[in-house]
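Quick notes on the structure that follows.
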Protein chains: 2
Amino acid sequence: MACEEAFFKKLRERGFRLTPQREMVLSVLHQIGDFATAEQIHDKVHALSSSVDISTVYRTLDLFEDFRMVSCVERGDGQRVYELLGMHGPHLHLVCSGCGSVMGAELDLARPLAVCLREDYGFEVDVNRLHIPGFCHECQPVSGEAATVEKR
Amino acid sequence: MACEEAFFKKLRERGFRLTPQREMVLSVLHQIGDFATAEQIHDKVHALSSSVDISTVYRTLDLFEDFRMVSCVERGDGQRVYELLGMHGPHLHLVCSGCGSVMGAELDLARPLAVCLREDYGFEVDVNRLHIPGFCHECQPVSGEAATVEKR
DNA sequence: CTTGTTATTGCCATTATGTGCAGTTACTAT
DNA sequence: ATAGTAACTGCACATAATGGCAATAACAAG
Ligand SMILES: [Mn+2]
Ligand SMILES: [Mn+2]
Ligand SMILES: [Zn+2]
Ligand SMILES: [Zn+2]
């Protein structure tokens, strides 16, 4: 595919190498299309080549993130999910603290806030990495009683 | 202190118990004043009572977070830092991807975004938990070349 | 004060992720 | 094609954080 070729070229331009492991992770991300955990990705890569280690998957996802090809979201449970950008394009991530679902949102909505923070604090917001905690439509907290603490 | 008493009362009102461990963690957080890792907190608690386990510290910090007394920030390195609210009051957290520093910012700046997301997506933003990635004044990325990837 | 209930703790196992290192392999230049 | 360089990998291990569980202790009631 064309988009992959462009990525491979950029890789080499910057001194990185194109390895079968990286090709496989990228291919698997394409195949999945949706969010996936490192382990889910590793499972599919493992099916293609059983010697690939999960640490390589982590390192590859990290690299893809640096290249802005993949976005990573910390889900409510202690696991991260990774998503291939480029098809949906960059977007905000609304992460529901109730059900753990992740919703994409128009990135431009965060622009005014970014401008404020640059002007008032000299802080350059990385809007691509912004993920916003809260509650989705199904999980609205009991109105009025905002700070209810659940017994364990 | 008065603010601690108020918290202890709220604890019991909701069926939680006031234990020496919880008192110690709260006292240590006061003493530290700044951000601290779970391990730093545990060290100081351990000095007061050497049998307290770090898992208890984690659970206590979790509880304090539920009570909105403590705010937790995922720092760049794989560690979280905890901060006692109430003195500074709630605020946004600007987390620098360069140096790992955390800056507090006026919470109201995020209000317009929250309104947009509620109206457009039915998503109720939890502004207290919002932390914003980017680069502080000292760590401004090379302008123009946004997506520079470092060799490892 | 004594007793009962059950939230909480300490301990230990487990999970998700990161790292050091020596052997391997992709790329470059001859 | 061959050889040199250094990026990359697999493996083993380290680390931060979480979860199960039986023993403990905080609180309420008598
Ligand atoms: Mn997304
Ligand atoms: Mn703060
Ligand atoms: Zn939800
Ligand atoms: Zn910085």
Side-chain angles (χ1 to χ4, degrees), chain A residues 5 7-26 35-43 45-46 48-67 70 72-82 97 100 149-152, chain B residues 5 7-26 35-43 45-46 48-67 70 72-82 97 100 149-152:
Chain A
E5 284 308 322
F7 165 61
F8 296 152
K9 200 174 133 220
K10 256 204 313 193
L11 256 193
R12 264 174 301 215
E13 275 172 12
R14 303 194 190 176
F16 294 92
R17 291 178 185 173
L18 176 55
T19 64
Q21 290 89 340
R22 288 173 179 171
E23 288 188 274
M24 285 188 282
V25 170
L26 184 51
F35 280 104
T37 65
E39 193 169 359
Q40 290 170 330
I41 295 164
H42 178 241
D43 284 348
V45 172
H46 193 268
L48 299 174
S49 171
S50 65
S51 68
V52 179
D53 193 76
I54 193 160
S55 69
T56 299
V57 172
Y58 277 113
R59 283 186 288 227
T60 304
L61 289 169
D62 231 48
L63 179 73
F64 287 0
E65 245 191 303
D66 289 345
F67 273 85
V70 156
C72 167
V73 180
E74 199 99 12
R75 213 167 35 179
D77 65 329
Q79 254 180 320
R80 297 180 200 159
V81 284
Y82 300 84
S97 307
V149 181
E150 316 268 337
K151 197 82 51 64
R152 262 85 50 98
Chain B
E5 284 309 320
F7 165 61
F8 296 153
K9 199 173 134 222
K10 253 202 318 193
L11 256 193
R12 265 175 299 214
E13 274 173 13
R14 301 194 191 177
F16 294 94
R17 292 176 186 175
L18 176 55
T19 64
Q21 290 88 342
R22 287 172 180 171
E23 287 188 274
M24 285 188 282
V25 170
L26 184 51
F35 281 103
T37 64
E39 194 169 0
Q40 291 170 329
I41 295 163
H42 178 241
D43 283 348
V45 171
H46 192 269
L48 299 175
S49 170
S50 65
S51 68
V52 178
D53 194 76
I54 193 159
S55 69
T56 299
V57 172
Y58 276 113
R59 284 185 289 226
T60 303
L61 289 168
D62 230 49
L63 179 71
F64 288 178
E65 246 191 304
D66 289 345
F67 272 85
V70 157
C72 166
V73 179
E74 200 99 13
R75 213 167 35 180
D77 65 330
Q79 253 179 321
R80 298 178 200 161
V81 285
Y82 300 84
S97 306
V149 181
E150 317 267 336
K151 195 83 51 62
R152 261 86 49 99

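Source: prediction; values computed, not measured. Chain letters run A, B, ... following the sequence lines, proteins first, then strands; residues in each count from 1. In what follows, every heavy atom counts, from backbone to side chain, and hydrogens, waters and symmetry copies are set aside.
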Give, for atom CD of A/Glu65 and atom CZ of A/Arg80, the distance between the pair rounded to the nearest 0.5 Å. 8.5 Å
Which atom pair, heavy atoms only, marks the closest approach of A/His46 to A/Val52? CD2-O, 4.2 Å
Does a side-chain N or O from B/Arg80 land closer than 4.0 Å to OP1 or OP2 of D/dT18, or not? yes
If I compare all heavy atoms of A/Val57 with all of A/Ala38, which pair ends up nearest, and what's the gap? CG1-O, 4.0 Å
I'd like to check A/Thr37 versus A/Arg75 (side-chain heavy atoms, cut-off strictly below 4.5 Å). Are they in contact? yes
DNA chain D: B/Val81 or A/Ser49, which has the more 5' nearest nucleotide? A/Ser49
Is there a side-chain contact (heavy atoms from CB on, under 4.5 Å) between B/Thr56 and B/Val25 once you walk through the steps? CA-CA 10 Å; B/Thr56 299; B/Val25 170; over 6 Å; no
Does a side-chain heavy-atom distance below 4.5 Å link B/Thr19 with B/Thr60? no
Can you check side-chain contact (heavy atoms from CB on, under 4.5 Å) on A/Asp66 and A/Phe16, steps first, answer last? CA-CA 12 Å; A/Asp66 289 345; A/Phe16 294 92; over 6 Å; no
B/Thr60 vs A/Tyr58, nearer the 5' end of DNA chain C by closest nucleotide: B/Thr60
Divergence of helical axes at both termini of the helix from C/dC1-D/dG30 to C/dT30-D/dA1 - five pairs an end, 10° steps: 30°
Whole-Å distance, B/Glu13 CD to D/dA26 C1', equals 17 Å
Heavy-atom pair with the smallest gap, counting every atom of A/Met24 and A/Leu48: SD-CB, 3.8 Å
Measure CZ/B/Phe8 against C1'/C/dA7 and give the value in whole Å, please. 17 Å
Could you tell me the separation between the CZ atom of B/Arg22 and the C1' atom of C/dA7, rounded to a whole number of Å? 8 Å
Rounded to whole Å, CG of A/Leu61 lies from P of D/dC8 at a distance of 15 Å
What are the two closest heavy atoms between B/Phe64 and B/Arg22, and how far apart are they? CZ-O, 3.7 Å
Within this structure, what is the CZ-to-P distance between A/Arg75 and C/dT15, rounded to whole angstrom? 16 Å
From CG of B/Leu48 over to C1' of C/dT9, roughly how many Å is that when rounded to an integer? 17 Å
Between B/Glu23 and B/Leu18, the two heavy atoms sitting closest are CG-CD1, 3.6 Å
Nucleotides 23-30 of chain C: protein proximity per nucleotide (B base, S sugar-phosphate only, - neither; heavy atom, under 4.0 Å): --BBS---
Rounded to the nearest 0.5 Å, what separates atom CG in B/Asp62 from atom OH in B/Tyr82? 7.0 Å
Report, one pair per line, the protein and nucleotides 19-22 of chain D atoms (nitrogen or oxygen only) whose separation is under 3.5 Å.
residue: D/dG20; atom: O6; partner: B/Arg59; partner atom: NH1; Å: 3.4

To the nearest Å, give me how far apart CE (B/Met24) and C1' (C/dG10) are. 13 Å
Let me confirm one number: the CZ-CZ distance from A/Phe7 to A/Arg12, rounded to the nearest 0.5 Å. 10.5 Å
Nearest nucleotide by nearest heavy atom, which residue falls closer to the 5' end of DNA chain D, B/Thr37 or A/Val52? A/Val52
Here the distance between atom P of D/dA14 and atom CD1 of A/Ile54, to the nearest Å, is 19 Å
